[in-house]
S.K.: 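Before we start, here is the structure in question, set down as structure tokens.
Residue numbers start from 1 in every chain, and the chains themselves are labelled A, B, ... in the order their sequence lines are given, proteins ahead of strands.
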Amino acid sequence: MTVGIAKADTVHVVVSGMGCLAGPGDDIPAIRRSLEETRVTCGPPPQSLFTTALPYPVFAANPAGLTTQGRQLVEAACPGFQANSVSRTVLFALSAVAEGLTQAGIDLDRLRSGRVGIALGTTVGCTFHDEEYYIAWRQGLAPDLAPVRSFLGGNVAAAVHRILGTKGPSVVVTNACASGTDAIGIARNWLRQGHCDFALAGGADELSRVAYNGFVSLMLSDESPCRPFNGDRQGLNLGEGAGVLILEREDDCRKRHGRPVGRILGYGCGADAYHPTAPHPEGRGLQNALRQALGEAAQPGVPALINAHGTGTKANDLAETTALARIFPGKDRPILVSTKGLTGHTLGAAGGIEAILTLVALSEGVTPGTVGCRDPDPHFAYSPLVQGITRPLSGRWGLSQSLAFGGGNSALVLEVLT
Amino acid sequence: MNREVVVTAVNMIDHLAPVPAGLAAGLRRADDFIRMAVTAAHGALFGLDQLEPERTGIFLGTAYGPLETNFESLASLIDDGEGHISPTLFSHSVFNSAAGYVGRLLNLQGPALTITDYGWPFLAALEEGRVAVASGRVARAVVLGVETYSELLADAYCRAHGVVAVPWRKAAVAWVLAAAETQVGVRLEEVTVCGATSDPADCLTRLGEVWGGLPSSHDPLHPLSHALVMTEVMAASDQVVSGPLAWELTSPFGTAIIRLKVAPQD
């Protein structure tokens with residue numbers, strides 16, 4: 001089915017399931033518990049990933065890549081599947097998909113009976129970083145091609161399709177740190193256009209030595225646990241994981257007696273057109289993205305919660321709070337938090353994970369403050385909720401937003417239904 | 001909102017294309033991937049009416065992105081040591097760096113999306129651009145297809161397939177889309193891409209890829225071939241008899257349908 005754009009604008013897209021894993025845990029309840037308990041799990045990179053003499057901590061996720069639910073899904077979908085034939089990014093994505101499908105009440109037969117759109121964001125997951133192969137090739141040797149085959153098979157959206165045995169549109173969104181948010185926006189559009197019946201959307205990313213060193217070289221990493229929005233913040237900590245939403249048209253979901261947990265009310269995306277790595281000081285592109293998303297959502301009042309990008313870098317947090325102060329100039333401002341003090345910056349996965357944490361907080365009607373932020377930067381025009389304070393949420397809808405290298409910015413307006 | 005979408009301009013370059021004079025300074029540190037994206041977009045937009053920057057979006061599709069810079073970045077880490085990886089190489093190895101440069105140097109502030117797909121990446125980007133214009137989210141979309149491949153990938157391909165050379169060529173295409181009510185051009189009525197389960201290597205070898213309604217490629221097929229041939233057809237669209245055009249692509253890795261309509265000449 002392909003529907004016209006005019007009709008597409010009126011199609012409601014709902015979240016019928018969510019799955020998430022990251023440093024603090026293998027599923028949403030575990031991550032939420034860590035947030036409530038302020039349990040910060042960062043440490044040196046696991047030796048199974050890479051060794052380093054540098055002091056910057058990371059938030060490493062499940063060492064095996066596949067959670068128990070993920071393994072069960074893969075064994076059912078693809079008997080004989082070898083986990084070492086794909087990247088950790090793909091395994092993380094599958095684990096999050098498994099949790100999401102379970103919550104949505106969608107089994108493999110039902111999934112395979114429809115057209116499945118897969119839009120997943122990643123950053124590290126689309127790169128080739130097998131150093132052993134590269135060094136051998138550079139020396140003029142002819143190393144075994146297995147790492148190249150793994151790279152070719154590692155397009156995360158195509159790999160998930162292949163392993164689940166599903167058909168439908170697929171893209172990997174490589175918009176750096178905004179990838180996961182944009183992937184959800186793209187999948188939302190696919191459903192509104194009638195390109196698919198279900199969509200698996202969000203992001204997945206893994207830790208790598210190249211990215212770890214890249215952020216150190218750019219002087220964007222913190223030697224301590226990161227402190228988003230804090231006055232003495234020094235930078236980010238990298239993390240890894242995945243966050244995937246199961247999306248459907250609302251009518252279809254209700255017809256199959258599914259129980260939607262949330263709704264995508266708006267999506268916006270805007271470019272800074274300013275600098276290769278630094279955000280526009282006033283968050284120009286973010287302001288455009290927010291206006292688009294809020295305009296689409298057309299909700300009265302202000303959101304109950306903003307889950308910020310909030311990396312803990314000097315420039316990001318300043319640009320983001322400046323932009324938000326322009327969008328919400330009144331005294332009745334939404335509560336602002338960042339969850340990266342708990343998950344680290346999971347790059348292409350961040351948008352997916354943070355959209356989920358936004359919906360979870362809205363569903364519970366309460367949000368903890370920003371882990372790592374005790375004394376907000378006094379120069380900010382918009383103050384975040386600090387660590388140690390928990391606030392009730394006064395509404396059912398909120399914002400999740402992402403900023404990226406290259407000046408990309410994107411925002412989602414999300415409404416909780418449960 | 002349901003606006004019909006037209007293709008108002010197209011451009012196609014290879015890696016030898018000169019950088020426009022006014023952009024040379026801004027591109028002095030850029031790699032081939034970024035340089036070709038900016039040059040192709042600049043050429044496509046050249047001579048078109050100015051539009052509000054925040055209403056012009058960038059939609060870039062690529063199979064392999066700046067893979068050569070990915071390896072240079074890795075080399076910098078290996079050679080220069082921990083914590084000393086070149087910041088420029090690292091930032092340019094991020095796939096959306098090219099879209100960022102296009103936005104910055106051409107002052108385009110609308111949505112900027114980079115999409116990676118091994119099958120038909122340009123078509124994936126084209127559909128996102130089409131929907132953005134049709135829905136009114138942007139007034140104009142610059143849709144790009146860019147490939148630079150890499151020596152490492154070429155070596156692996158040759159060894160895997162027992163050949164001495166690869167069919168790939170570094171190139172970029174750019175199409176500019178706008179609403180039919182404001183601009184004239186070939187109507188872009190439908191772009192549908194549907195993936196299928198296949199061996200990942202199929203997207204590299206392109207074995208079994210068949211085009212319906214399109215001229216044959218000059219080169220053996222590679223992930224940008226479809227975009228290059230479609231751009232040639234569009235560039236010559238004033239010589240095409242008016243009426244509908246339908247292009248159907250089939251392959252082990254999926255199917256794609258593109259429907260266009262050439263307006264009658266005045």
Side-chain angles (χ1 to χ4, degrees), chain A residues 2 4-6 8-9 52-54 123 126-129 131 134-135 137-138 142 145 148-149 152-153 155 158 161-162 165 167-176 182 186 189 193 195 209-210 213-214 216-218 269-277 284-285 288 292 404-408, chain B residues 1-3 53-54 58 65 67 70-71 73-75 77-78 82-87 90-97 99-101 103-104 107-118 124 128 131 134-135 137 152-153 155-156 159-160 190 192-198 200-201 203-204:
Chain A
T2 299
I5 299 282
D9 281 351
T52 179
L54 299 176
T123 297
C126 63
T127 62
F128 185 106
H129 46 263
E131 291 185 44
Y134 178 72
I135 290 168
W137 174 79
R138 202 168 64 153
L145 291 170
V148 178
R149 290 199 188 95
L152 292 174
N155 178 290
H161 257 315
R162 190 172 67 247
K167 287 184 180 175
S170 77
V171 293
V172 172
V173 181
T174 43
N175 254 18
D182 288 316
I186 286 173
N189 290 344
Q193 295 288 311
H195 289 348
R209 199 167 89 96
V210 176
N213 279 272
V216 170
S217 290
L218 286 162
C269 178
D272 281 345
Y274 173 71
H275 186 274
T277 54
R284 179 168 65 190
N288 288 338
Q292 273 179 46
F405 268 17
Chain B
M1 195 175 288
N2 182 15
R3 306 192 306 176
E54 61 273 18
I58 303 160
L67 200 51
N70 172 162
F71 292 123
S73 187
L74 194 53
L77 172 60
I78 293 164
E82 282 204 317
H84 298 288
I85 192 169
S86 158
F90 174 66
S91 63
H92 288 177
S93 73
V94 180
F95 276 42
N96 70 331
S97 57
Y101 263 80
R104 184 163 59 88
N107 192 28
L108 311 180
Q109 298 173 25
L113 280 177
T114 299
I115 287 169
T116 302
D117 177 56
Y118 291 165
E128 296 309 322
V131 170
S135 63
R137 281 191 289 129
L152 183 147
L153 201 58
D155 168 72
R159 287 199 286 132
E190 180 189 351
T192 303
V193 183
C194 187
T197 301
S198 71
C203 295
L204 201 58

S.K.: When only pairs under 4.5 Å are counted, which of A/Val171, A/Val148, A/Val210 shares the most heavy-atom pairs with chain B?
M.R.: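 Answer, by heavy-atom pair count under 4.5 Å with chain B: A/Val210.
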
S.K.: Donor-acceptor check, side chain of B/Arg137 to backbone of B/Gly110, threshold 3.5 angstrom: yes or no?
M.R.: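 Not at all, since once roles are kept as given, no pair shorter than 3.5 Å links the two residues.
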
S.K.: Between B/Pro111, B/Gly103, B/Gly100, who has the most heavy-atom pairs with chain A when the cutoff is under 4.5 Å?
M.R.: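 Ranked by contacts with chain A, first place is B/Pro111.
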
S.K.: Is chain A contacted by the side chain of B/Val94, its backbone, both, or neither, given a heavy-atom distance below 4.5 Å?
M.R.: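 The side chain, not the backbone.
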
S.K.: What part of B/Phe95 gets closer than 4.5 Å to chain A, counting heavy atoms only: side chain, backbone, both or neither?
M.R.: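 Interface part for B/Phe95: both.
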
S.K.: For chain B, find which of A/Gly270, A/Gly165, A/Cys269, A/Gly406 contributes the most heavy-atom pairs closer than 4.5 angstrom.
M.R.: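 That would be A/Cys269.
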
S.K.: Counting heavy-atom pairs closer than 4.5 Å to chain B, which one of A/Gln292, A/Glu131, A/Arg138, A/Lys167 comes out on top?
M.R.: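 It is A/Arg138.
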
S.K.: Between A/Thr277 and A/Phe405, is there a donor-acceptor pair closer than 3.5 Å when you use the side chain of the first and the backbone of the second?
M.R.: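 Not at all, since once roles are kept as given, no pair shorter than 3.5 Å links the two residues.
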
S.K.: Does A/Arg162 reach the main-chain N or O of B/Thr197 with its side chain, forming a donor-acceptor pair under 3.5 Å?
M.R.: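 Flag not set: sc A/Arg162 to bb B/Thr197 has no pair under 3.5 Å.
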
S.K.: Picking from A/Thr127, A/Asn288, A/Val216, A/Val172, which has the most non-hydrogen pairs under 4.5 angstrom with chain B?
M.R.: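 Looking at each of A/Thr127, A/Asn288, A/Val216, A/Val172 in turn, A/Val172 comes out on top.
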
S.K.: Which heavy-atom pair separates B/Ile58 from B/Ala99 by the least distance, and what is that distance?
M.R.: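 Shortest heavy-atom contact: CD1-O, 3.6 Å.
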
S.K.: Do any N or O atoms from the side chain of B/Glu82 and from the backbone of A/Ala53 form a donor-acceptor pair under 3.5 angstrom?
M.R.: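 Checked: pair present.
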
S.K.: B/Ala112, B/Ser97, B/Ala196: which one forms the most heavy-atom pairs within less than 4.5 Å of chain A?
M.R.: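 Between B/Ala112, B/Ser97, B/Ala196, the count favours B/Ala112.
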
S.K.: As a test of understanding, state which of B/Thr114, B/Leu113, B/Ile115 forms a side chain to side chain contact (heavy atoms under 4.5 Å, CB included) with A/Thr174.
M.R.: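 The side chain to side chain contact (heavy atoms under 4.5 Å, CB included) with A/Thr174 is passed solely by B/Thr114 among B/Thr114, B/Leu113, B/Ile115.
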
S.K.: Can you check whether A/Tyr134 and A/His129 have ring centres sitting under 6.0 Å from each other?
M.R.: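 They do not qualify: ring centres at least 6.0 Å apart.
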
S.K.: May I ask you to name which of A/Asn213, A/Val173, A/Asn175 has the most heavy-atom pairs under 4.5 Å with chain B?
M.R.: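 When all of A/Asn213, A/Val173, A/Asn175 are compared, A/Asn175 has the most.
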
S.K.: Sort B/Glu128 into side chain, backbone, both or neither according to what part of it lies under 4.5 angstrom from a heavy atom of chain A.
M.R.: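 Interface part for B/Glu128: side chain.
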
S.K.: Does A/His161 use its side chain to pair, donor to acceptor, with the backbone of A/Gly168 at less than 3.5 Å?
M.R.: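 Yes: the side chain of A/His161 pairs with the backbone of A/Gly168.
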
S.K.: Look at A/Ser217, A/Pro276, A/Gly407, A/Ala404 and state which one has the largest set of heavy-atom pairs under 4.5 Å with chain B.
M.R.: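 Among the listed options, the one with the most contacts to chain B is A/Ser217.
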
S.K.: Picking from B/Ala75, B/Ser198, B/Ala124, which has the most non-hydrogen pairs under 4.5 angstrom with chain A?
M.R.: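 Max contact count across the listed options: B/Ala75.
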
S.K.: Does any N or O in the side chain of B/Asn70 come within less than 3.5 Å of the main-chain N or O of A/Phe128, such that one atom is a donor and the other an acceptor?
M.R.: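 Pair found, side chain donor or acceptor close to backbone of A/Phe128.
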
S.K.: For A/Arg284, which atoms come within 4.5 Å of any heavy atom of chain B: side chain, backbone, both, or neither?
M.R.: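 A/Arg284 touches chain B through side-chain heavy atoms alone.
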
S.K.: For A/Ala158, is it the side chain, the backbone, both or neither that has a heavy atom under 4.5 Å from a heavy atom of chain B?
M.R.: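 No part of it gets close to chain B.
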
S.K.: With only heavy atoms counted, which part of A/Leu152 is less than 4.5 Å from chain B, the side chain, the backbone, both or neither?
M.R.: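 Both parts, backbone and side chain.
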
S.K.: Rounded to the nearest 0.5 Å, what separates atom CZ in A/Arg149 from atom CG in B/Leu204?
M.R.: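 A/Arg149 atom CZ to B/Leu204 atom CG measures 11.5 Å (nearest 0.5 Å).
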
